[in-house]
Number of protein chains: 2
Amino acid sequence: MTEKTPAAGSIRARVRAEMIDEIKNVARRHVANEGAALSLRAVSRDMGMVSSALYRYFPSRDELLTALIIDAYDSMGEAAETADANVSNRSDVLARWHAVANALRAWSLAQPHEYALIYGSPVPGYAAPRDTVGPATRPVVVLGAILADAYEAGMLTEAGSPPVRNPLRREIAVLSVHIGAKIPPSIMARGMIAWTELFGAISFELFGRIDNTIDERDDWFHYQTRAMATFIGLR
Amino acid sequence: MTEKTPAAGSIRARVRAEMIDEIKNVARRHVANEGAALSLRAVSRDMGMVSSALYRYFPSRDELLTALIIDAYDSMGEAAETADANVSNRSDVLARWHAVANALRAWSLAQPHEYALIYGSPVPGYAAPRDTVGPATRPVVVLGAILADAYEAGMLTEAGSPPVRNPLRREIAVLSVHIGAKIPPSIMARGMIAWTELFGAISFELFGRIDNTIDERDDWFHYQTRAMATFIGLR
DNA sequence: CGCTGTCAAGAGCAGTGCTCTCGAATGTGT
DNA sequence: ACACATTCGAGAGCACTGCTCTTGACAGCG
């Protein structure tokens, strides 16, 4: 059995891991500049290698792209988590919501192409594999925790929200459990709508949908997140 | 001056227009199947032509893509307009809102790749030219009209909405004028948020963001649009 | 020390967008 | 009706892409 990954602790494994990191870094730089049209040959040129050598580390261009996507998910998730954790008054769920929302937007504005990679239209001929579902949920988990804390503090009531009927209700309940938020479906649904609006707003801003229309982007974003906070019932 | 467009009414102009239509149709079919990775050569093969001949009609692949994008905008805008027009009771703004929202989603589900073309991440190395701004606003105009009718009927009040402060307020006011909706900025802002959530929801569904999570997609979409209708104040 | 696994390099294939040139067909003006 | 100008399709060719396969060299391990 040739062409296998070397043993875990071996020296070869270490230099191989470093090589993979290096490739990802160069590729990330290319994505940051050119977008999803990532060229393996260009990456290999930047590394002083020949293109075929890259295939020792990534079986295909899509695999390399997938690695970048996973990293992007993780990076964004971490940004959301630290933003939430940095709010010292944990019971101030409104501040936490705004902190996370602003962090998600800031992350996206800082690396627009990586955002497009994970929240834009799927790359043609490329289907996001299963490996990406884990990291992808991290921002959602953060928002779910805020929602759960608010609910536990008695801040959110089901009153006013239309009831969620089965079988949709059951699916939303499963989702709540999955992200570890103990909240009733109608409240979870409100959170999901806010989540949808949030990423809709970021996408609109990043993909040029409000160009030549809204210049006061910080204000507009803050207005939206404030409105959605009210929609959820945070205060 | 060679290589010019022939005179308006001439026979050549007609066959040329037909040719352009034919090319666009074939290209549209390819986009529907393969997505934004449109290949000029594949299109030309399908037409029994040689690839260089296509350049007689479109100066570049991007120009062909732009033509498709404009058509997609128009098609979607028309879908929204007819859906709105088909609601006979014009004062039933809630029904009109749902009709338009459902029409926009249905259009998007029917031609997902074309949706991705216009509402997904911008194609790498391709910037949407100015020609696309006109058709792009048609769905927004429809929603604006519904909003304006609701406001005129006294259904919407500014109460409850946080005030929009300048200079953002001014930008939103300009936008209202631009789409022909005579409504105060805070109400316009609510409509824009609903618009953002609406396209966020469609993007999430189309781009696989709710795969393996929500199967009851019709119900979920309807729940969202109902919630956003309440958010706006439609009833 | 020698074997074996790992690696980079190179050539090559099929595909891409795009340019340029060259005849042929075709409409227009005299 | 004829000749000119214009428009067109075809073909070759350039630079680029992802990817495969072979070859030869290096280096870690037993």
Side-chain angles (χ1 to χ4, degrees), chain A residues 1-24 26-27 30-31 33-69 123-127, chain B residues 1-24 26-27 30-31 33-69 123-127:
Chain A
M1 179 93 69
T2 68
E3 301 291 333
K4 264 209 65 172
T5 305
S10 87
I11 303 181
R12 275 213 157 120
R14 255 203 38 218
V15 329
R16 186 182 172 82
E18 281 172 15
M19 197 73 185
I20 288 180
D21 265 11
E22 174 74 9
I23 295 173
K24 285 205 288 189
V26 174
H30 276 182
V31 166
N33 291 334
E34 324 287 343
L38 178 65
S39 160
L40 270 189
R41 293 181 115 112
V43 172
S44 69
R45 268 195 302 271
D46 258 30
M47 301 192 49
M49 297 174 77
V50 105
S51 71
S52 58
L54 274 187
Y55 286 84
R56 297 262 164 210
Y57 303 96
F58 291 94
S60 75
R61 194 199 77 126
D62 282 359
E63 292 281 339
L64 174 53
L65 220 52
T66 301
L68 293 184
I69 288 177
V123 180
Y126 167 82
Chain B
M1 181 92 68
T2 69
E3 303 290 334
K4 264 210 70 176
T5 304
S10 86
I11 302 183
R12 271 209 160 127
R14 255 203 39 218
V15 330
R16 186 183 172 81
E18 282 172 15
M19 198 74 185
I20 288 180
D21 265 10
E22 173 74 9
I23 294 173
K24 285 205 289 188
V26 174
H30 276 181
V31 166
N33 291 334
E34 324 286 342
L38 178 65
S39 159
L40 269 190
R41 295 182 112 111
V43 171
S44 68
R45 268 194 303 270
D46 258 31
M47 301 194 49
M49 298 174 74
V50 106
S51 70
S52 59
L54 274 187
Y55 286 84
R56 298 266 170 209
Y57 302 95
F58 291 93
S60 74
R61 194 200 77 125
D62 281 0
E63 292 281 337
L64 173 54
L65 219 52
T66 301
L68 292 184
I69 287 177
V123 181
Y126 167 80

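In the text below, chain A, chain B and the rest are named by the order of the sequence lines, each starting its count at 1. Quick caveat, the model's predicted, so the values are computed rather than measured.
The nearest whole Å value for the distance from the CG atom in B:L54 to the C1' atom in C:dT19 is 14 Å. The distance from atom CD1 of A:I20 to atom P of C:dA8 is 11 Å, rounded to the nearest whole Å. The separation between B:R16 atom CZ and D:dT6 atom P is 15 Å, rounded to whole Å. Straight-line distance from the NE2 atom of B:H30 to the P atom of C:dG15: 14 Å, rounded to whole Å. Between the CG atom of B:L64 and the C1' atom of C:dT16 there is a distance of 15 Å, rounded to whole Å.
The closest side-chain heavy-atom distance from A:D21 to A:K24 is below 4.5 Å. Two residues are said to be in side-chain contact when any heavy atoms from C-beta on lie closer than 4.5 Å; B:R14 and B:E18 meet this criterion. B:T66 has its side chain out of reach of B:F58: every pair of non-hydrogen atoms, C-beta onward, lies at least 4.5 Å apart. Taking the side chain as every heavy atom from C-beta outward, A:M49 and A:M19 approach each other to under 4.5 Å.
Scanning both residues, A:S51 and A:Y55, for their nearest heavy atoms gives O-CD1, 3.6 Å. The minimum heavy-atom distance between B:L68 and B:A27, with the atom names listed, is CD1-CB, 3.9 Å.
Residues in residues 36-50 of chain A take part in these side-chain hydrogen bond (donor to acceptor under 3.5 Å, both in side chains) pairs, two or more places apart or across chains: A:R29-A:D46, A:H30-A:D46.
To the nearest 0.5 Å, the span separating CE on B:M47 from CD1 on B:I23 amounts to 5.0 Å. The OG atom of A:S52 lies 8.0 Å from the CZ atom of A:R56; values are rounded to the nearest 0.5 Å.
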For this session: Determine, for nucleotides 15-22 of chain D in 5'-to-3' order, which nucleotides have protein heavy atoms under 4.0 Å from the base (write B), from only the sugar-phosphate (write S), or from neither (write -).
Result: --BBBBB-
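Distances shown here put a side-chain N or O of A:Y57 below 4.0 Å from the OP1 or OP2 atom of C:dA8.
Within 4.0 Å of A:F58, counting heavy atoms only, lies no atom of the nucleic acid at all. Within the 4.0 angstrom heavy-atom criterion, only backbone atoms of the sugar-phosphate kind lie near A:M19; the bases stay farther away.
Axis angle across the helix from C:dC1-D:dG30 to C:dT30-D:dA1, with five pairs used at each end and values rounded to 10°: 0°.
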